[in-house]
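Working notes, beginning with the structure itself.
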Amino acid sequence: MPADYHIHGLAHEGPPHTVERLLPYVEAAKAAGLTEIGFADHDRYLDGLDFSVFPELERVTGMPIRAGLEVDFRPGKDHRRELAGRPWDYLIGSVHAIGDWDFDRPGQEAGFNAWDIDELYTTYFSLVARAAATGLFQIIGHLDLIKINGYRPRRPVLELAGPALEIIAGSGAALEVNTAGLFKPVGEIYPARELLERAFSLNIPVTIGSDAHAPGEIARERQQARELLRHIGYTRLATFYRGEMATEPLF
Ligand SMILES: [Zn+2]
Ligand SMILES: [Zn+2]
């Protein structure tokens, strides 16, 4: 069974980053039948990460543990410099903000009304495209996160996201099928089926991630994501080790 690469061991609390703290996540992953996991905490906790925790956790549990990070992409920020010199297995590039507006945080719903919805989607996807174009990321996180609160564009979302998908395909990054959207107001997996169908036609590889912020959220609704991918035609999932992509069977 493949990996869950989108796990926040430090949740929204931050360091300390210890074996004891991450252990319950590994136990939950084992109980869920996973055979490999990757921690991808938010890059705001980067300086608190202790990279010796991952091999130690692997030794204690026998579970292959990958070292990842979820990077909150901000245009103009020197991400390359921030990320350099650490032994990453993979980096997830995610857009959570437009300017200073962290649109995915609770309490930010009113901000959606300040925008023309198509313009908002276009602006959001242009940021995703810029993130992919940096070539820094092995995985693009929750591609259509902008739908989180259920505000839908007037134009077909495929038209609005199409250019970003072309750039992701050119960058060689994988797309993440993220089940956390099922637990948000939108109540859907990220990304939408039509976006995954385009991704498949562009030969973009995929991973499945739970975006767990607690052990009990690991691998949640994974079966639904697998079935969606299988119906679209995907037969392989991407895996990562030291920045290199490999694939393994979806089932
Ligand atoms: Zn995220
Ligand atoms: Zn996340």
Side-chain angles (χ1 to χ4, degrees), residues 3-15 17 21-22 25 28-29 34 37-46 48-49 65-75 77 79 82-83 88-109 111 121 123-125 127-132 134 136-150 161 164 168 173-192 195 206-222 225 238 240:
D4 185 340
Y5 284 137
H6 198 145
I7 298 173
H8 292 273
L10 301 180
H12 285 144
E13 289 140 43
H17 191 235
R21 197 139 165 229
L22 300 193
Y25 286 85
L34 297 179
I37 60 170
F39 286 97
D41 271 295
H42 293 292
D43 61 335
R44 61 179 177 274
Y45 303 136
L46 179 56
L49 294 185
I65 309 285
R66 301 292 175 244
L69 191 75
E70 182 177 20
V71 179
D72 180 36
F73 176 76
R74 307 267 170 162
K77 189 171 175 185
H79 290 292
E82 163 195 50
L83 300 165
W88 304 115
D89 288 308
Y90 62 90
L91 296 164
I92 302 177
S94 295
V95 174
H96 303 107
I98 302 203
D100 294 334
W101 177 40
D102 295 312
F103 65 84
D104 72 326
R105 300 242 173 127
Q108 295 302 311
E109 294 80 357
Y121 270 69
T123 303
Y124 168 78
F125 283 121
L127 287 169
V128 174
R130 283 176 75 174
T134 64
L136 272 174
F137 307 114
Q138 283 74 34
I139 302 172
I140 298 299
H142 43 58
L143 176 70
D144 58 357
L145 180 67
I146 194 70
K147 73 181 177 185
I148 184 166
N149 286 316
I168 292 165
L175 261 192
E176 170 195 66
V177 179
N178 181 314
T179 56
L182 290 165
F183 304 89
K184 303 293 184 188
V186 71
E188 269 180 22
I189 282 175
Y190 310 112
L195 301 182
V206 286
T207 63
I208 299 175
S210 62
D211 217 337
H213 285 72
E217 295 174 354
I218 288 183
R220 57 183 170 171
E221 296 300 335
R222 189 181 180 89
F240 293 94

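Both counts, for ligands and for their atoms, begin at 1 and track the order of listing. We count residues from 1, following the sequence as given.
- Judged purely by atom type and a 3.5 angstrom limit, E176 has no side-chain atom pairing as donor or acceptor with the backbone of T207.
- In D211, the N, O or S atom that comes nearest to the Zn ion (ligand 2) is OD1.
- Checking side-chain atoms of N178 against main-chain N and O of Y190 turns up no donor-acceptor pair under 3.5 Å.
- D102 and H96 share no side-chain donor-acceptor pair at under 3.5 Å.
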Legend entry - Stepwise side-chain contact (heavy atoms from CB on, under 4.5 Å) check, Y25 with H8: CA-CA 9 Å; Y25 286 85; H8 292 273; 5.7 Å; no
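- Among the atoms of E70, an N, O or S atom falls under 2.8 Å of the Zn ion (ligand 1).
- In summary, H6 places no N/O/S atom under 2.8 Å from the Zn ion (ligand 1), failing the contact criterion.
- With 2.8 Å as the limit, H42 does not count as an N, O or S neighbour of the Zn ion (ligand 2).
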